[in-house]
Amino acid sequence: AAVDAAIRGGLMNGGQSCSAFERFFVHRDVHANFVGRLAARVAGMRIGPPEQATTDIGPIASPTVRQRLSAQVDDALRAGARLVCGGRCVDVGLEGAEAFEPTLLTGCTPQMRIVAEENFGPVFPVIAYSTLDELMPMLDASQHGLNAAAYGTAPASLVAWMQASHRNWYLNSTPADASNLPTRLAD
């Protein structure tokens with residue numbers, strides 16, 4: 001369920017949505033399984049023109065966004081993140097249109113640009129944690145907080161923090177889930 005939700009939440013409009021998830025905090029006990037399953041899914045996505053039914057990821061809206069995504073990924077790699085898949089701009093077969101491959105990075109930290117800044121693209125920076133005491137300061141390190149989701153069980157302290165710090169938050173669902181569409185704010 002968490003991998004499916006990461007894809008639905010992270011790839012809303014190809015990741016180019018204000019409501020798309022942009023960072024993924026994963027408990028160390030499930031980290032390897034989550035990353036392996038997510039990598040298998042995103043590495044197989046088809047890039048192409050958006051009007052083709054077989055396309056999973058279409059072009060990025062502007063060259064500025066593509067350049068920012070590339071710079072953020074490069075910064076993460078220089079700072080010690082590991083590229084699991086993706087990370088490149090690719091031609092989609094339309095004049096002047098490029099997509100950014102769905103990109104999965106592990107070993108990310110809150111200080112990396114890919115985590116600290118909005119990326120507005122199909123990027124999955126994964127940050128591992130072991131305890132709630134370790135997680136909470138990392139969550140608070142971001143200036144962004146439009147949407148958030150938790151999968152599994154959520155302690156009362158996490159629920160209270162999510163309600164206080166995010167305009168929208170979801171427990172075991174995403175803004176892209178059909179049950180949430182009637183209440184979702186427009187991007």
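All of these numbers come straight from a predicted model, not from anything done at the bench.
When every heavy atom of Ile60 is checked against every heavy atom of Gly121, the shortest pair comes out as CD1-CA, 4.5 Å. The two residues Leu105 and Ile114 have their closest heavy-atom pair at CD1-CG1, 4.1 Å. In plain terms, the two heavy atoms of Glu134 and Pro137 that are nearest each other are O-CD, 3.5 Å. Shortest non-hydrogen contact noted between Val65 and Phe120 is CG1-O, 3.6 Å. Listed here is the closest heavy atom pair of Asp56 and Gly44: OD2-O, 4.4 Å. Across all their heavy atoms, Met138 and Ala128 have their closest contact at CE-O, 4.0 Å.
Judged by distance alone, the side chain of Glu101 and the main-chain N or O of Val42 form no donor-acceptor pair under 3.5 Å. Side-chain N or O atoms of Glu98 include none that pairs as donor or acceptor with a backbone N or O of Arg66 at under 3.5 Å. Thr103 places no side-chain N or O within donor-acceptor distance of the main-chain N or O of Val123, the cut-off being under 3.5 Å. Of the possible polar contacts, one joining the Arg46 side chain to the Thr54 backbone as a donor-acceptor pair under 3.5 Å is found.
One finds the CZ atom of Arg113 at 13.5 Å from the SG atom of Cys108 (value rounded to the nearest 0.5 Å). Rounding to the nearest 0.5 Å gives a distance of 8.0 Å between CZ of Arg68 and CD of Glu118. Note that the CZ atom of Arg41 and the CD1 atom of Ile7 stand 3.5 Å from one another [nearest 0.5 Å]. Atoms CG and CZ, from Leu104 and Arg82 in turn, are 8.0 Å apart once rounded to the nearest 0.5 Å. Taken to the nearest 0.5 Å, the CG atom of Leu83 stands 5.5 Å off from the CG atom of Leu77.
Counting only residues at least two apart or in different chains, side-chain hydrogen bond (donor to acceptor under 3.5 Å, both in side chains) contacts with residues 123-133 comprise Arg28-Ser130.
Two residues are said to be in side-chain contact when any heavy atoms from C-beta on lie closer than 4.5 Å; Val73 and Phe100 meet this criterion. Contact annotation: the side chain of Asn119 never approaches that of Arg23 to less than 4.5 Å [non-hydrogen atoms, C-beta and beyond]. No side-chain heavy atom of Ile47 sits under 4.5 Å from any side-chain heavy atom of Thr55. Within the 4.5 Å cutoff, the side chain of Phe24 has no heavy atoms near those of the Thr106 side chain.
Shown here are the side chain to side chain contact (heavy atoms under 4.5 Å, CB included) partners of Ala97, two or more places apart in sequence or in another chain: Pro59, Val92, Leu94. In this structure Val30 satisfies the side chain to side chain contact (heavy atoms under 4.5 Å, CB included) test together with Val26, His27, sequence neighbours excluded.
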